[in-house]
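Working notes for the structure below.
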Protein chains: 2
Amino acid sequence: MTSLTELQSVTDPVTPAETCLEGSDKGRKCDQVLAGARRVFMEKGYEGASVDEIAKAAGVSKATLYNHFTDKRFLFIEVMKAECDRQSEGIKDIINPNAPLEEALLGAAMRFVTFKTSTLGQEIFRICVAESMRFPDIGRSFYDSGPGVITACMVNFLEERCQKGELDIDDCEMAASQFGALCKASLFDKRTFGVIGLPSAADIAITAEEAVRTFLARYGVPKGA
Amino acid sequence: MTSLTELQSVTDPVTPAETCLEGSDKGRKCDQVLAGARRVFMEKGYEGASVDEIAKAAGVSKATLYNHFTDKRFLFIEVMKAECDRQSEGIKDIINPNAPLEEALLGAAMRFVTFKTSTLGQEIFRICVAESMRFPDIGRSFYDSGPGVITACMVNFLEERCQKGELDIDDCEMAASQFGALCKASLFDKRTFGVIGLPSAADIAITAEEAVRTFLARYGVPKGA
DNA sequence: TTTAATTTGAACCGAACGGTTTAGTTTGTC
DNA sequence: GACAAACTAAACCGTTCGGTTCAAATTAAA
């Protein structure tokens, strides 16, 4: 069984990446700016965030901020790139390819539900949805580093288990996508729209279990190996 | 089988509601304002939209706008309330309770996938996700008028069919939510994050069929009545 | 035609916006 | 201790923001 404590890595606090204006500055103040920008952008959105507020949140003068980043748009894009990288790093190991089928699926489901309903997961999702019209590249980056990574990992895993005869799937892309979708049942929408807060471990477990059950009802092989 | 043409009603163009400052004005200019505000808010978001731009889009002077609505926040809330009402109106009849089981489910899935990936469905979803932190009530309203309505209708339908012995479901709330989630597989995320544009009727049909198949694999009764 | 109610464009307000500049201070290195 | 780099607060730029005001124009009923 998958313990909940090990899931924490996916929803850890934030320490921004090393991206700066001219490739890999010493980056002390630079990271401060990214951290402050991240905080303000996530809370207020792109238009709602002012550069003055970001500088203040970063504990940095506005002049310094503009020494590191050409303008507000660029700063926002850098923040989101770093955030997407973090996301894909935390998500790529979401499935244990060596575990028994049901255990592997349940573990992945637990981690996925946990992340998607976490404050961090919600923040990233919210701002990417909000700004992916104004910044189309950010939408793509989010998909590639989030749903895309998960789907790719799942497809890989599912194909292996199909060859082992543990699963019976025609379209592994569709199956992987359905697995991810099932993990969003019950909790995700309610969390996103403020109907519930952070779900309890029990609620997460139930949602994950039900997702796996429905998934296996469709794609699992009847009984014997 | 459900034809695609009858689905149009859910994704029709917009004619705003009759809400105004002091209960049901003659509402000619008032509707103009709401229509213009809707357009600009949907495209730019709350902070990105300026009142001058809204007035211009509405073909109305800023003074007139402020004669009808106390301030920008109130105008935004009114627009979103009207939009949520439209949504719940278009969505409440999404399932035909008298059709044979599989046909009813497939019809509902088709309509749901079509709406959720439509330009209108995406616009409403995007802005509600974006602004439901700044305006918590809007998040709730969206949930109640969208996912909430669908879930409620589905729960109702599923319970009926369980009593008829056509389905075998423990938790109808969970099952209804999973049905909705399955309809978002494959297309919804890609559409939201700009990986694809408007999906083809064929893609919608495939997604809906696969959703129903997985749903029935879990909750359908084996074979005979 | 008189009267009252709306609507209009335009000017206007103080505040905040993104972004720049400057003069001066801290910092790390040799 | 000297020196260059990085940083700072603060003033400043022009623009735009949400919101108000007002005289003139338009409308609609009487």
Side-chain angles (χ1 to χ4, degrees), chain A residues 16 18-80 127 130-131 134-135 138, chain B residues 16 18-80 127 130-131 134-135 138:
Chain A
E18 69 296 322
T19 330
C20 227
L21 231 187
E22 13 206 331
S24 173
D25 238 319
K26 285 170 225 82
R28 214 179 59 265
K29 294 284 171 178
C30 193
D31 284 356
Q32 279 186 38
V33 174
L34 282 171
R38 197 204 93 92
R39 181 146 34 101
V40 179
F41 277 138
M42 290 287 176
E43 189 186 335
K44 309 273 190 92
Y46 178 77
E47 294 283 359
S50 81
V51 178
D52 292 85
E53 190 179 1
I54 290 173
K56 184 171 295 183
V60 144
S61 76
K62 211 161 48 145
T64 300
L65 187 154
Y66 274 105
N67 279 341
H68 287 289
F69 301 92
T70 63
D71 64 4
K72 188 189 180 188
R73 287 182 61 91
F74 186 81
L75 175 57
F76 180 68
I77 290 171
E78 288 302 307
V79 167
M80 296 314 294
I127 198 154
E131 307 298 348
R134 209 186 318 257
F135 301 91
I138 285 178
Chain B
E18 70 297 322
T19 331
C20 229
L21 231 185
E22 11 206 333
S24 173
D25 237 317
K26 283 170 227 80
R28 216 178 58 265
K29 296 283 173 181
C30 192
D31 284 356
Q32 280 185 37
V33 173
L34 282 170
R38 198 205 92 94
R39 182 144 36 100
V40 180
F41 277 138
M42 290 286 176
E43 189 186 334
K44 311 273 189 92
Y46 178 77
E47 293 282 359
S50 80
V51 178
D52 292 86
E53 191 179 0
I54 290 173
K56 184 172 294 185
V60 144
S61 76
K62 211 163 47 147
T64 300
L65 187 154
Y66 275 104
N67 278 342
H68 286 288
F69 301 91
T70 62
D71 64 5
K72 190 189 178 187
R73 289 181 60 91
F74 186 81
L75 175 57
F76 180 69
I77 289 171
E78 287 303 306
V79 167
M80 296 314 296
I127 198 154
E131 307 298 349
R134 209 186 318 260
F135 300 92
I138 284 178

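Not measured: the values here are computed from a predicted model. Letters go in sequence order (proteins before strands), and every chain restarts at 1.
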Summarise how protein sits on nucleotides 21-26 of chain D as a single string, 5' to 3': B when a protein heavy atom is under 4.0 Å from the base, S for sugar-phosphate-only contact, - for no contact.
B-----
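- Atom-to-atom distance recorded for Leu34(A):CG and Gln32(A):CD is 10.5 Å, nearest 0.5 angstrom.
- For the atom pair CZ of Arg38(A) and CG of Asp31(A), the computed distance is 13.5 Å after rounding to the nearest 0.5 Å.
- Atom NE2 of His68(A) and atom C1' of dT8(D) are 12 Å apart (whole Å).
- Closest to the side chain of Ser61(A), from the set dA9(D), dT20(D), dT7(C), is dA9(D).
- Residues Ala57(B) and Val40(B) come closest through the heavy atom pair CB-CG2, 3.7 Å.
- Glu43(B) meets the salt bridge (charged side-chain N to carboxylate O under 4.0 Å, His left out) test with no other residue; sequence neighbours excluded.
- Between Tyr66(B) and dG19(D) there is a side-chain N or O to OP1 or OP2 distance below 4.0 Å.
- The nearest whole Å value for the distance from the CZ atom in Phe69(B) to the P atom in dG19(D) is 13 Å.
- Side-chain N or O atoms of Glu131(A) include one that pairs as donor or acceptor with a backbone N or O of Tyr46(A) at under 3.5 Å.
- Using cut-offs of 30° and 60° for the angle between ring planes, the Phe74(B) and Phe69(B) rings count as tilted.
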Anything under 3.5 Å between a donor and an acceptor, one on a side chain of residues 48-55 of chain B, the other on a protein residue two or more places apart or in another chain? List them.
from: Ser50(B); atom 1: OG; to: Glu53(B); atom 2: N; distance (Å): 3.1
from: Glu53(B); atom 1: OE1; to: Lys44(B); atom 2: NZ; distance (Å): 3.2
from: Glu53(B); atom 1: OE2; to: Lys44(B); atom 2: NZ; distance (Å): 2.6

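- Atom-to-atom, CZ of Phe41(B) to C1' of dG18(D) comes out at 11 Å; the value is rounded to the nearest Å.
- The cationic group of Lys72(A) does not satisfy the cation-pi geometry with Phe41(A), failing either the under 6.0 Å distance to the six-membered ring centre or the 45° limit from the ring axis.
- Across the protein-nucleic acid pair, Asp71(A) atom CG and dG19(C) atom P stand 5 Å apart, rounded to whole Å.
- The stretch residues 46-55 of chain A touches DNA chain C through Ala49(A), Ser50(A), Val51(A), each having a heavy atom within less than 4.0 Å of the strand.
- What separates CG of Leu75(A) from C1' of dG19(C) is a distance of 13 Å, to the nearest Å.
- Atom-to-atom, NZ of Lys44(B) to P of dT16(D) comes out at 12 Å; the value is rounded to the nearest Å.
- The interatomic distance linking Leu65(B) (CG) with dC17(D) (C1') rounds to 14 Å, in whole Å.
- OP1 or OP2 of dG18(C) lies within a sub-4.0 Å distance of a side-chain N or O belonging to Lys72(A).
- For Arg39(B), the salt bridge (charged side-chain N to carboxylate O under 4.0 Å, His left out) criterion is met by no residue, not counting sequence neighbours.
- A straight line from NZ of Lys56(A) to P of dG18(C) spans 13 Å, rounded to a whole angstrom.
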